[in-house]
*Asks:* 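Mind looking over this structure? Questions follow.
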Amino acid sequence: MIRLIGYLFGLACVLFLVVAAGLGIYLAGMTKDLPNYEVLASYEPPVATRVHAGNGALMAEYARERRLFLPIQAVPDRVKAAFLSAEDKNFYNHPGVDITGLGRAVLSNLQNLGSGRRPEGASTITQQVAKNFLLTADQTIDRKVKEAILSFRIEQTYSKDKILELYLNEIFFGLNSYGIAGAALTYFDKSVTELTTAEAAYLAALPKGPANYHPFRREKAALERRNWVIDRMAENGYITQADADDAKKQPLGVKQRRTGTHLFASDYFSEEVRRQIIERYGDKALYEGGLSVRTSLDPDLQIIARRVLQEGLLDYDERRGFRGPVAQIAMMGDWGPELAKLPALRDVPEWKLAVVTDVTPKSVAIGLQPATDGAGKVDAARDAGTIAPDDMKWAYRDATDTRKPAKSPDGVLKRGDVVYVEPINEAAKTYRLRQPPKVQGGFVAMDPNTGRVLAMAGGFSYAQSEFNRATQAMRQPGSSFKPFVYSAALDNGYTPASVILDAPIEIVSGGQVWRPDNYGGDSGGPSTLRTGIEKSRNQMTVRLAQDMGMELVAEYAERFGIYDKMLPVLAMSLGSGETTVMRMVSAYAVLANGGKQIKPTVIDRIQDRYGKTIFRHEERNCDGCNANNWSNQEEPTIVDNREQVLDPMTAYQITSMMQGVVIRGTAAGKIPVKDRDVAGKTGTTNDEKDAWFVGYTPNLVAGLYIGYDTPTPLGRAGTGSGLAAPIFGKFLAEAAKLTPAEKFHVPEGMQLIAVDRKTGMGAVEGDPNTIVEAFKPGTGPADVFQVIGDGEYMTQDQIFSHSPQAQQAVTSGMPGLF
């Protein structure tokens with residue numbers, strides 16, 4: 001018996017050694033190709049880029065994985081407690097693998113054999129870190145062994161808090177949110193520090209299976225799992241039973257956060273920022289780099305810009321008539337689900353989609369689009385309202401020419417028509433009929449001294465069209481280009497009082513004859529440069545450009561950044577080339593700031609994930625600004641090293657002339673701002689396909705165009721004066737409430753001399769038909785009446801043949817005319 005026992009013991013020892021050796025060989029093989037766990041020390045997860053307005057308000061977030069990295073010190077204890085209770089209650093006590101929990105899981109799995117239940121894994125938080133960061137998610141024995149080995153090594157290398165930090169920032173919570181900070185924002189639109197016990201418990205329930213506990217599709221399961229976590233928190237002593245009972249009474253309270261653009265009316269601006277960041281740093285930096293971007297957007301001016309452009313587009317569009325309903329739906333049974341499927345203009349929250357439920361000659365009954373929850377479930381409530389005949393009278397006219405003009409609502413709409421409406425009185429449930437305009441436009445407002453873009457609207461609605469007409473649409477600027485022709489002249493020997501012939505002209509080139517006309521067809525005879533700008537005279541401008549040479553005009557246009565390369569042909573002097581609103585506003589900013597070159601920007605500063613500034617728009621140096629102490633030194637000065645594009649005196653001269661455009665020229669009566677200096681220029685292209693206005697005050701420059709995306713005549717009164725200037729005027733009237741009133745700076749040495757408006761010759765200030773003009777030193781009004789035309793000065797007979805006014809002046813005895 002003793003020998004038998006000895007034999008069996010020896011055999012057992014041999015078997016043990018064989019098994020141990022085999023296990024050792026197996027583990028050696030497992031550890032041979034283990035990933036390097038030390039990479040956890042340099043963990044840099046993909047983090048969302050956040051874009052902020054100039055006042056710090058969050059505009060947009062961009063990420064493939066919506067994640068914000070949060071140090072463990074910033075995670076509240078109740079949030080930690082929720083995750084420890086849900087995932088690993090012995091986390092702070094085990095060495096990486098919870099032997100007790102593992103044994104319990106093995107026993108449970110043995111009991112559940114054949115039941116079809118998924119085996120319990122008993123993974124600790126450390127094991128999940130090893131799997132998520134270093135291994136695959138394969139359900140194999142080999143992977144579990146590697147996971148355990150790595151867990152022991154991770155525990156020996158990193159602190160428990162570091163491991164928990166890695167876990168909380170890496171895990172997936174569903175709805176494309178990663179990490180506890182991203183999940184708190186996604187599900188509750190809160191920071192982690194604001195989470196309640198119930199909210200923290202729900203988030204802790206999600207890593208086990210986000211789809212299984214979806215807040216809308218699986219609400220019951222979500223509540224059960226959340227309450228289970230709350231019970232474990234109480235059982236582990238993190239909260240009292242009373243707190244647990246109170247927390248379990250709370251609803252899920254999920255308030256899914258909007259993705260993309262967050263700041264109202266900033267969609268076009270945010271998209272422009274997004275494109276520029278990708279162009280500058282690449283796609284990965286935007287969606288994974290965790291950049292912090294401070295833009296130049298002024299939210300107040302942005303809202304104003306959006307509203308005035310929308311109102312202008314709607315006003316024009318409604319004058320053309322109604323183009324028909326958005327859609328037609330069946331009215332058999334409940335129309336709510338069918339109406340809920342139709343996409344509304346999400347960035348025009350003032351409007352609602354509605355279906356016509358009944359129509360009579362005196363009223364239209366409508367049902368409003370019902371709300372849906374995060375799972376797409378349609379609200380059972382059906383809100384109703386009415387449209388009065390007067391609130392849709394504009395629609396009596398048909399824009400498609402397929403029906404006769406209507407005389408009552410029943411001639412326009414029918415039951416089942418889906419239309420847009422805007423509340424007039426929500427309490428009375430009265431609405432106004434609306435339709436998204438077909439005509440479009442672009443708008444930009446900028447600080448002329450820095451180039452910071454303060455507001456941008458790229459069309460009526462970003463949801464309707466993502467094409468940004470402020471930066472991407474190439475349009476002819478028409479007469480809004482003329483100030484740069486005149487600036488070139490003023491910079492090269494001409495004065496505001498120089499006289500150019502305004503009369504019919506023929507240009508022959510390549511066998512083709514071009515006869516530019518003034519808008520309206522009339523000609524004014526010899527006129528000063530000021531009159532040419534104020535009245536937007538095409539024939540004068542062509543003669544002036546011909547006299548200077550188009551090579552000079554092209555040089556100035558390129559210097560101002562309007563074109564990269566301008567074809568030096570005379571038609572270009574009337575703005576027949578194509579450029580963008582952004583470029584035109586930037587060029588006008590140079591005139592407004594005294595001739596200094598500016599670089600338009602929508603981004604003030606970019607910081608990386610560690611807070612280091614990697615881009616700053618401001619390039620001027622401030623000598624002495626960073627002094628450590630004050631020792632009676634002089635105040636620091638900002639060194640302005642920007643290029644001087646235009647003589648400051650020339651800039652003031654053309655500004656003064658464009659003030660005349662606003663006061664008595666083509667924009668007269670369109671700009672209702674009287675407390676500050678305003679200059680600007682209208683622009684209308686051939687066949688009224690585009691209507692422009694660009695203008696400025698000393699501290700704000702803005703411009704816009706209106707036109708169809710496929711250039712089409714705008715029709716009668718589709719001019720810069722009739723369409724664009726009033727929109728600018730409304731914008732400036734509201735913007736003036738937010739910005740200080742200032743006067744344009746008169747450069748030192750500039751001479752202000754009274755001249756005759758028609759002849760440009762000297763006059764006594766205060767005499768009828770005189771104006772005070774700005775002259776550079778060494779220049780002044782002409783002593784004799786000289787007219788530039790056809791490339792040379794004109795004779796008296798030539799002047800008389802073109803200008804009865806000049807002949808009348810001579811016969812009436814005007815002294816010193818010739």
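Note that the numbering runs from 1 along the sequence shown for the chain.
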*Asks:* With side chains defined as the heavy atoms from C-beta onward, is the minimum distance between Val229 and Arg226 less than 4.5 Å?
*Replies:*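 Val229 does not reach Arg226 side chain to side chain.
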*Asks:* Side chains of Gln276 and Arg274: is there a donor and an acceptor less than 3.5 Å apart?
*Replies:*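 Short answer, no.
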*Asks:* Counting only heavy atoms not in Glu635, do more than 12 fall under 6.0 Å of its CD?
*Replies:*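 Check fails, neighbour count at 12 or below.
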*Asks:* Write out all pairs satisfying salt bridge (charged side-chain N to carboxylate O under 4.0 Å, His left out) with one or both partners inside residues 50-60, taking only residues at least two apart or from two chains.
*Replies:*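 As it turns out, the salt bridge (charged side-chain N to carboxylate O under 4.0 Å, His left out) pairs with a partner in residues 50-60, which skip direct neighbours, are Arg50-Glu61.
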*Asks:* Looking at Val701, Leu700, Thr739, Val602, which one forms a side chain to side chain contact (heavy atoms under 4.5 Å, CB included) with Leu454?
*Replies:*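 Only one option passes, and that is Leu700.
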*Asks:* Under a 3.5 Å distance rule, please check whether Asn593 uses its side chain to pair with a backbone N or O of Ala589 as donor and acceptor.
*Replies:*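 A pair under 3.5 Å: yes.
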*Asks:* Within a strict 4.5 Å, meaning less than it, do heavy atoms of the Met446 and Met582 side chains meet?
*Replies:*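 They are in contact (side-chain heavy atoms under 4.5 Å apart), so the answer is yes.
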*Asks:* For Asp608 and Leu291, which heavy atoms make the closest approach, and how far apart are they?
*Replies:*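 Taking Asp608 first and Leu291 second, the nearest heavy atoms are CA-CD2, 4.0 Å.
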*Asks:* If I take atom CZ from residue Phe133 and atom CD1 from residue Ile163, how far apart are they, to the nearest 0.5 angstrom?
*Replies:*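 Reported to 0.5 Å precision, the distance equals 11.0 Å.
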*Asks:* Return the OG1 to CG distance between Thr295 and Leu263, rounded to the nearest 0.5 Å.
*Replies:*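 Between Thr295 OG1 and Leu263 CG, I get 8.5 Å after rounding to 0.5 Å.
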*Asks:* Taking only Lys NZ, Arg NE, NH1 and NH2, and the carboxylate oxygens of Asp or Glu, determine whether Asp267 and Arg306 approach each other closer than 4.0 Å.
*Replies:*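 The answer is no: the pair does not qualify as a salt bridge.
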*Asks:* Which residue pairs pass the ring pair (Phe, Tyr, Trp, His ring centres under 6.0 Å) test with at least one member in residues 578-620, sequence neighbours excluded?
*Replies:*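 Pairs touching residues 578-620 that pass the test: Phe484-Tyr588.
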*Asks:* Can you tell me which residue pairs pass the ring pair (Phe, Tyr, Trp, His ring centres under 6.0 Å) test with a partner in residues 188-207, sequence neighbours excluded?
*Replies:*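 Ring pair (Phe, Tyr, Trp, His ring centres under 6.0 Å) check on residues 188-207 returns Tyr187-Tyr202.
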*Asks:* Any idea which heavy atoms bring Thr49 and Ala285 closest together, and the distance?
*Replies:*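 Result for this residue pair: OG1-O, 3.5 Å.
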*Asks:* For Gln256 and Phe216, what are the C-alpha separation, side-chain angles and deciding distance, and is it a side-chain contact (heavy atoms from CB on, under 4.5 Å)?
*Replies:* CA-CA 10 Å; Gln256 192 172 343; Phe216 305 114; 3.7 Å; yes
*Asks:* Strictly by salt bridge (charged side-chain N to carboxylate O under 4.0 Å, His left out), give each pair with a member in residues 174-192 just once, sequence neighbours left out.
*Replies:*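 As it turns out, the salt bridge (charged side-chain N to carboxylate O under 4.0 Å, His left out) pairs with a partner in residues 174-192, which skip direct neighbours, are Asp189-Arg257, Lys190-Glu199.
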*Asks:* List the residues meeting ring pair (Phe, Tyr, Trp, His ring centres under 6.0 Å) with Tyr420, not counting sequence neighbours, and say none if there are none.
*Replies:*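 Applying ring pair (Phe, Tyr, Trp, His ring centres under 6.0 Å) to Tyr420 gives Trp351.
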*Asks:* If we only count heavy atoms from C-beta on, is the Glu558 to Asp564 side-chain gap below 4.5 Å?
*Replies:*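 No, every pair of side-chain atoms sits at 4.5 Å or beyond.
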*Asks:* Can you tell me if Gln127 and Ser151 form a side-chain donor-acceptor pair at under 3.5 Å?
*Replies:*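 Short answer, no.
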*Asks:* Between Glu170 and Tyr43, does a side-chain hydrogen bond (donor to acceptor under 3.5 Å, both in side chains) hold up when you go through it step by step?
*Replies:* CA-CA 10 Å; Glu170 179 66 17; Tyr43 171 60; 2.6 Å; yes
*Asks:* What orientation do Phe693 and Phe728 show, parallel under 30°, tilted 30 to 60°, or perpendicular over 60°?
*Replies:*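 Rings of Phe693 and Phe728: tilted, 30 to 60°.
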*Asks:* Can the positive tip of Lys208 be found less than 6.0 Å from the middle of the six-membered ring of Tyr213, inside 45° of the ring normal?
*Replies:*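 No, a cation-pi geometry is absent between Lys208 and Tyr213.
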*Asks:* Could I get the full list of side-chain contact (heavy atoms from CB on, under 4.5 Å) partners for Asn176, not counting sequence neighbours?
*Replies:*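 Only Arg66, Tyr178 meet the side-chain contact (heavy atoms from CB on, under 4.5 Å) criterion with Asn176.
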*Asks:* For the pair Ser177 and Arg67, evaluate side-chain contact (heavy atoms from CB on, under 4.5 Å) and give the outcome as yes or no after the intermediate values.
*Replies:* CA-CA 6 Å; Ser177 61; Arg67 177 191 282 109; over 6 Å; no
*Asks:* Can you see which heavy atom on Ile603 is nearest to which on Thr601, and at what distance?
*Replies:*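 It is O-OG1, 2.7 Å.
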*Asks:* ring-ring contact (aromatic ring centres under 6.0 Å, His included) for Phe443 and Tyr705? Distances and angles first, verdict last.
*Replies:* CA-CA 7 Å; Phe443 186 103; Tyr705 89 89; over 10 Å; no
*Asks:* Looking only at atom types and distance, does a side-chain atom of Gln464 sit under 3.5 Å from a main-chain N or O of Leu345, one as donor and one as acceptor?
*Replies:*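 Such a contact is absent between Gln464 side chain and Leu345 backbone.
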*Asks:* Can you find a heavy atom in the side chain of Phe172 that is under 4.5 Å from one in the side chain of Pro207?
*Replies:*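 Phe172 does not reach Pro207 side chain to side chain.
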*Asks:* With side chains defined as the heavy atoms from C-beta onward, is the minimum distance between Tyr696 and Leu591 less than 4.5 Å?
*Replies:*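 Sidechains of Leu591 and Tyr696: in contact.
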*Asks:* Can a side-chain donor-acceptor contact be found between Gln128 and Glu87 if the only test is distance below 3.5 angstrom?
*Replies:*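 Judged by distance alone, the side chains do pair up.
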*Asks:* Name all residues meeting the salt bridge (charged side-chain N to carboxylate O under 4.0 Å, His left out) criterion together with Arg559; count only those two or more places apart in sequence or in a different chain, and write none if there are none.
*Replies:*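 If we apply the salt bridge (charged side-chain N to carboxylate O under 4.0 Å, His left out) test to Arg559, skipping adjacent residues, the hits are Glu555.
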*Asks:* Looking at every non-hydrogen atom in both residues, tell me the closest pair between Leu297 and Ser266 and how far apart they are.
*Replies:*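 So the minimum-distance heavy-atom pair works out to CD2-CB, 4.0 Å.
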*Asks:* Has Ser586 got a side-chain atom pairing as donor or acceptor with Gly561's backbone, closer than 3.5 angstrom?
*Replies:*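 No, because the side chain of Ser586 does not come within donor-acceptor range (under 3.5 Å) of the backbone of Gly561.
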*Asks:* Taking the side chain from Thr580 and the backbone from Met474, do they hold a donor-acceptor pair closer than 3.5 Å?
*Replies:*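 No, Thr580 side chain to Met474 backbone: no donor-acceptor pair under 3.5 Å.
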*Asks:* Could you tell me which non-hydrogen atom of Val581 sits nearest to which non-hydrogen atom of Arg469, and how far apart they are?
*Replies:*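 For Val581 versus Arg469, the nearest heavy atoms are CG2-O, 4.0 Å.
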*Asks:* Okay, side chain of Glu165, backbone of Asp161: is any donor-acceptor separation there less than 3.5 Å?
*Replies:*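 Side chain of Glu165 to backbone of Asp161: no pair is present.
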*Asks:* Under the 3.5 angstrom rule, does the side chain of Glu643 hit a backbone N or O of Val645 as a donor-acceptor pair?
*Replies:*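 Absent.
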*Asks:* Between Asp300 and Lys737 (salt bridge meaning N to carboxylate O under 4.0 Å), is one present in this structure?
*Replies:*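 Salt bridge: no.
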*Asks:* Donor-acceptor pair, Ser480 side chain versus Val694 backbone, under 3.5 Å?
*Replies:*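 Judged by distance alone, no pair lies under 3.5 Å.
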*Asks:* Do Met59 and His262 touch side chain to side chain, with heavy atoms closer than 4.5 Å?
*Replies:*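 With C-beta onward as the side chain, the pair stays apart.
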*Asks:* Is a donor on one side and an acceptor on the other found under 3.5 Å between the side chain of Asn169 and the backbone of Gly179?
*Replies:*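 Flag not set: sc Asn169 to bb Gly179 has no pair under 3.5 Å.
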*Asks:* Decide yes or no for Arg307 and Glu734: does some side-chain heavy atom of the first lie under 4.5 Å from some side-chain heavy atom of the second?
*Replies:*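 Yes, their side chains come closer than 4.5 Å.
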*Asks:* Quick one: salt bridge (charged side-chain N to carboxylate O under 4.0 Å, His left out) pairs with a partner in residues 446-467, sequence neighbours left out?
*Replies:*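 Listed once each, the pairs are Arg452-Asp604.
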*Asks:* Would you mind listing every ring pair (Phe, Tyr, Trp, His ring centres under 6.0 Å) that reaches into residues 267-313, with sequence neighbours excluded?
*Replies:*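 The answer is Tyr268-Tyr462.
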*Asks:* Is there a donor-acceptor pair closer than 3.5 Å between any side-chain N or O of Gln310 and the backbone N or O of Phe460?
*Replies:*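 Side chain of Gln310 to backbone of Phe460: a pair is present.
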*Asks:* What pairs meet the side-chain hydrogen bond (donor to acceptor under 3.5 Å, both in side chains) rule with one or both residues in residues 73-86, with sequence neighbours excluded?
*Replies:*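 side-chain hydrogen bond (donor to acceptor under 3.5 Å, both in side chains) check on residues 73-86 returns Ser85-Asn236.
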*Asks:* Measuring only between side-chain heavy atoms, which start at C-beta, is Glu742 closer than 4.5 Å to Thr697?
*Replies:*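 Not touching, per the 4.5 Å side-chain cut-off.
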*Asks:* Taking salt bridge (charged side-chain N to carboxylate O under 4.0 Å, His left out) as the definition, give me every residue that meets it alongside Arg218, ordered by chain and number, with sequence neighbours left out.
*Replies:*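 Testing Arg218 for salt bridge (charged side-chain N to carboxylate O under 4.0 Å, His left out), a comparison that skips the adjacent residues, returns none.
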*Asks:* Is a side-chain donor or acceptor of Gln302 paired with a backbone partner of Ala265 at a separation under 3.5 angstrom?
*Replies:*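 Looks like yes, one N/O pair under 3.5 Å.
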*Asks:* Measuring from atom CZ of Arg280 to atom CD1 of Ile614, what distance do you get when rounded to the nearest 0.5 angstrom?
*Replies:*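 It comes to 9.0 Å.
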*Asks:* On a heavy-atom basis, which atom in Thr126 and which in Gly96 lie closest, and how many Å separate them?
*Replies:*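 Shortest heavy-atom contact: CB-O, 3.9 Å.
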*Asks:* So, using salt bridge (charged side-chain N to carboxylate O under 4.0 Å, His left out) as the criterion, who are the partners of Glu618 when residues are at least two apart?
*Replies:*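 Glu618 satisfies salt bridge (charged side-chain N to carboxylate O under 4.0 Å, His left out) with Arg620 only.
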